[in-house]
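This is the structure I have questions about; it appears just below.
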Amino acid sequence: MIFLWKKTKNGMCFVSYLIQSTFFIVFVLGTLLCLACKKQENTLIEQAPTPELSATESSTLATQNRLFAFTRSIDEPLVFFTDFDQIQNLHTEDFVPWTEAVSVTALAMQFSPPLFLVNKLGVLQFESDDTYKFVPIPLLQTVSAQDFFSTTQGLLFRTFRNELFNISPHNPDKPAPFLCRYNPLTEQAYPILSTTDLQLPNEAQSTHFQKYKNSWLASFKTESENRTFFDYIELKNIFENDELGFTSISAEEFQKRATNEIIQPNGAANEPLQICLETIAASLEDGLQVFTHVYASDAESKKTYHLKTTVSTTQEQTAHAIWQDNKLFFLLQTGLLYIAEWQENSVVLEKRQLLPLPDQFVYTFFAIDTASQSLVAFWEEQRFFMLGKTGGIHMSLESLNLAF
């Protein structure tokens with residue numbers, strides 16, 4: 001119901017105002033009705049009640065759950081704390097470029113518990129609230145690593161060197177691998193493809209790799225004699241060197257295929273995952289655009305979506321999301337966790353708030369393990385393209401009032 005009030009000096013002014021107000025109400029209601037008709041008829045959005053987090057509950061989260069920070073030691077990669085004050089006082093090296101920092105750069109949902117790729121160190125897996133499993137990967141000491149790819153031939157990850165910041169020794173005459181395989185059973189990692197396999201120079205470095213329909217897209221940057229140029233490749237097969245079936249494609253064709261799908265709150269989505277993303281986009285702050293990496297246990301690699309709340313955007317964030325059992329878990333850098341559940345042509349949306357982080361700290365990757373009823377979320381201290389302290393928090397789903 002809409003209430004209108006205007007102070008008047010005489011009855012004639014009040015009557016005139018009342019008539020104008022009546023027409024205004026009819027106009028507004030008619031406009032809203034037309035806008036509502038444009039939404040998909042088969043999609044309803046139900047806003048579930050969001051539990052408020054009191055100051056006491058917020059401070060209790062730090063003691064109920066396990067905070068940890070990364071080190072550069074393969075013998076003890078994690079150091080655990082009880083609160084962020086201890087982490088703030090942790091002596092670490094200065095900020096370093098993100099390509100050289102110890103941080104989580106990939107998630108594999110195909111395993112239970114999920115696997116995390118830790119740049120410069122190895123592979124991490126939380127087995128329960130009290131124990132974790134860490135597998136060091138020696139080759140990561142000289143290269144940077146990013147993105148997991150689940151294939152019929154095993155779990156792959158991309159490697160590259162940032163020659164501007166990477167000071168680790170290497171042989172420039174020997175081509176560096178750009179694609180490696182990790183075997184969780186043997187806990188071994190080894191290269192499977194290098195730049196020379198694609199007839200590229202030794203110094204070429206991978207800048208992008210993704211699955212595209214029935215092939216793979218890859219881009220490479222080569223810096224030589226004050227000149228930088230890029231190569232764009234499409235691969236049909238990445239496991240048999242004799243039958244790679246790779247071809248060069250133009251930058252325009254590469255960009256066309258690799259462009260992220262745009263999601264806007266306009267009712268255009270027709271698949272459950274996209275509809276859940278659209279629902280979340282509708283509840284985000286106006287002017288915000290979010291590049292969202294979505295992970296699923298049945299997907300070969302992450303899928304990136306570009307969420308735009310309005311046509312013109314003033315802010316940009318990166319978010320990570322998990323799609324499982326018709327539920328989308330969507331984590332913003334602030335620690336705000338959306339849970340959008342697809343239920344018979346409707347979306348039920350809930351929100352939770354993870355432990356608030358200090359200034360310059362943001363949340364990145366996360367995963368939910370239903371077996372141990374727990375959630376692990378990772379954070380970074382960011383300064384432009386540099387990273388300082390990095391770590392995470394391991395918490396029970398019960399502490400977030402979530403149940404499976």
**OP:** Indicate the atoms forming the closest heavy-atom contact of Tyr363 with Leu331, along with that distance.
**Re:**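 Tyr363 and Leu331 have their closest heavy atoms at CB-CD2, 4.0 Å.
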Original post:
What is the distance from atom CD of Glu187 to atom CZ of Phe134, rounded to the nearest 0.5 Å?
Top reply: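 Reported value, rounded in 0.5 Å steps: 11.0 Å.
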**OP:** Find out whether Gln324 and Phe329 are in side-chain contact, i.e. whether some heavy atom of one side chain is under 4.5 Å from a heavy atom of the other.
**Re:**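 They are in side-chain contact.
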Subject >> Thr195 side chain to Pro201 backbone, donor-acceptor under 3.5 Å >> reply: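 At least one qualifying donor-acceptor pair exists.
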Subject >> Minimum side-chain heavy-atom gap Leu328-Trp342 below 4.5 Å >> reply: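 No - every pair of side-chain heavy atoms lies 4.5 Å or more apart.
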Original post:
What is the distance from atom CG of Leu337 to atom NZ of Lys351, rounded to the nearest 0.5 Å?
Top reply: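 It is 11.5 Å, given to the nearest 0.5 Å.
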**OP:** For the pair Asn119 (side chain) and Ala145 (backbone), establish whether a donor and an acceptor sit closer than 3.5 Å, ignoring hydrogens and angles.
**Re:**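 Pair found, side chain donor or acceptor close to backbone of Ala145.
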Subject >> Heavy-atom closest contact (Asp369 atom, Ser112 atom, distance) >> reply: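 Smallest heavy-atom distance, with atoms named: OD1-OG, 3.6 Å.
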Original post:
Which of parallel (below 30°), tilted (30 to 60°) and perpendicular (above 60°) describes His320 and Phe365?
Top reply: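 Ring orientation of His320 relative to Phe365: tilted.
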Original post:
Can you tell me if Arg161 and Gln205 form a side-chain donor-acceptor pair at under 3.5 Å?
Top reply: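 Result is no, nothing qualifies.
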Subject >> Note, Phe366 side chain near Leu354 side chain (heavy atom, < 4.5 Å) >> reply: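 Sidechains of Leu354 and Phe366: no contact.
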Original post:
Between CD of Glu285 and OG1 of Thr334, what distance do you get to the nearest 0.5 Å?
Top reply: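 The CD atom of Glu285 sits 10.0 Å away from the OG1 atom of Thr334.
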Original post:
Heavy-atom distance under 4.5 Å between the side chains of His293 and Leu107, does that happen here?
Top reply: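 Contact flag for His293/Leu107 side chains = no.
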Subject >> Heavy-atom closest contact (Ala258 atom, Gln210 atom, distance) >> reply: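 Between these two residues, the closest heavy atoms are CB-OE1, 3.6 Å.
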Subject >> Any donor-acceptor pair under 3.5 Å from Thr151 side chain to Gly154 backbone >> reply: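 Side chain of Thr151 to backbone of Gly154: a pair is present.
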**OP:** Looking only at non-hydrogen atoms, find the nearest pair between Ser103 and Glu380 and report the distance.
**Re:**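 That closest heavy-atom pairing would be CB-OE2, 3.6 Å.
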Original post:
Any donor and acceptor pair, going by atom type alone, linking the side chain of Thr390 with main-chain N or O of Val102 inside 3.5 Å?
Top reply: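 At least one qualifying donor-acceptor pair exists.
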**OP:** Starting from the C-alpha separation in whole Å, work towards a yes-or-no answer on side chain to side chain donor-acceptor pair (under 3.5 Å) for Ser374 and Ser372.
**Re:** CA-CA 5 Å; Ser374 63; Ser372 62; 2.7 Å; yes
Subject >> Derivation and outcome, side-chain contact (heavy atoms from CB on, under 4.5 Å), residues Leu155 and Phe111 >> reply: CA-CA 11 Å; Leu155 189 64; Phe111 302 87; 3.8 Å; yes
Subject >> pair Leu124-Phe70: side-chain heavy atoms closer than 4.5 Å >> reply: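 With C-beta onward as the side chain, the pair touches.
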**OP:** Taking all non-hydrogen atoms of both residues into account, name the closest pair between Leu140 and Gly122 and its distance.
**Re:**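 So the two residues come closest at CD1-N, 3.7 Å.
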Original post:
Salt bridge between Glu253 and Arg257, side-chain N to carboxylate O under 4.0 Å?
Top reply: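 Salt bridge present between Glu253 and Arg257.
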Original post:
Between the side chain of Trp379 and the main-chain N/O of Val362, is any donor-acceptor distance below 3.5 Å?
Top reply: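 No; judged by distance alone, with no hydrogens or angles, the pair does not exist.
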Original post:
Under the side-chain contact (heavy atoms from CB on, under 4.5 Å) criterion, do Leu387 and Gln382 qualify, and how do the steps go?
Top reply: CA-CA 5 Å; Leu387 297 184; Gln382 296 183 352; 3.6 Å; yes
Original post:
Do any N or O atoms from the side chain of Gln373 and from the backbone of Ser396 form a donor-acceptor pair under 3.5 angstrom?
Top reply: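 No, Gln373 side chain to Ser396 backbone: no donor-acceptor pair under 3.5 Å.
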Original post:
Ion pair present between Arg383 and Glu381, side-chain N to carboxylate O less than 4.0 angstrom?
Top reply: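 Looking at Arg383 and Glu381, the cut-off is not met.
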**OP:** Please check if the side chain of Gln317 supplies one atom and the backbone of Leu332 the other of a donor-acceptor pair under 3.5 Å.
**Re:**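 Pair absent, no side-chain N/O of Gln317 close to backbone of Leu332.
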**OP:** Check step by step if side-chain contact (heavy atoms from CB on, under 4.5 Å) holds for Ser248 and Ile233.
**Re:** CA-CA 5 Å; Ser248 295; Ile233 306 291; 3.7 Å; yes
Original post:
Would you say the side chain of Gln274 lies within less than 4.5 Å of the side chain of Asn270, judging by non-hydrogen atoms?
Top reply: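 Heavy-atom side-chain distance check fails, nothing below 4.5 Å.
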**OP:** Check whether any side-chain N or O of Arg352 sits under 3.5 Å from a backbone N or O of Asn401 as a donor-acceptor pair, and report yes or no.
**Re:**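 Present.
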Original post:
Between CZ of Phe178 and NE2 of His208, what distance do you get to the nearest 0.5 Å?
Top reply: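 Phe178 atom CZ to His208 atom NE2 measures 12.5 Å (nearest 0.5 Å).
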Subject >> Nearest heavy atoms of Ala367 and Met109, plus distance in Å >> reply: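 Closest heavy-atom pair between Ala367 and Met109: CB-SD, 4.5 Å.
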**OP:** Taking Thr292 for its side chain and Ala319 for its backbone only, find out whether a donor-acceptor pair lies under 3.5 Å.
**Re:**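 The answer is no, because no donor-acceptor pair under 3.5 Å joins these two groups.
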Original post:
About how many Å separate CG of Leu277 and CZ of Phe330, when rounded to the nearest 0.5 Å?
Top reply: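 Interatomic distance, Phe330 CZ to Leu277 CG, rounded to 0.5 Å: 7.0 Å.
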**OP:** For Gln360, look at atom CD and say whether over 12 heavy atoms of other residues, nucleotides or ligands are found less than 6.0 Å away.
**Re:**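 Yes, because the 6.0 Å sphere around CD of Gln360 holds more than 12 heavy atoms from other groups.
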Original post:
So do the side chains of Glu203 and Glu223 get within less than 4.5 Å of each other, counting heavy atoms only?
Top reply: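 Of all side-chain heavy-atom pairs linking Glu223 with Glu203, none is under 4.5 Å.
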Subject >> Ring geometry between Phe230 and Tyr232 (parallel below 30°, tilted from 30 to 60°, perpendicular above 60°) >> reply: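 Tyr232 vs Phe230 ring planes: parallel.
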Original post:
Under 6.0 Å from the NZ atom of Lys211, do we count more than 12 heavy atoms belonging to anything else shown?
Top reply: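 Count over threshold, so yes.
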Original post:
If you round to the nearest 0.5 Å, how far is CG of Leu67 from NE2 of His394?
Top reply: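 Answer rounded to 0.5 Å: 12.0 Å.
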Original post:
Is the Phe68 to Phe126 ring centre distance short of 6.0 Å?
Top reply: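 Ring centres of Phe126 and Phe68 closer than 6.0 Å.
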Subject >> Ring geometry between Phe149 and Phe209 (parallel below 30°, tilted from 30 to 60°, perpendicular above 60°) >> reply: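 Answer is perpendicular, since the angle exceeds 60°.
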Original post:
Hey, does Val118 have a side-chain heavy atom less than 4.5 Å from the side chain of Phe378?
Top reply: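 Phe378 vs Val118: side chains apart.
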Original post:
Is a side-chain N or O of Thr159 found less than 3.5 angstrom from the main chain of Pro177, in a donor-acceptor match?
Top reply: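 Indeed, once roles are kept as given, a pair shorter than 3.5 Å links the two residues.
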Original post:
For Leu198 and Leu235, what are the C-alpha separation, side-chain angles and deciding distance, and is it a side-chain contact (heavy atoms from CB on, under 4.5 Å)?
Top reply: CA-CA 9 Å; Leu198 303 180; Leu235 297 94; 3.7 Å; yes
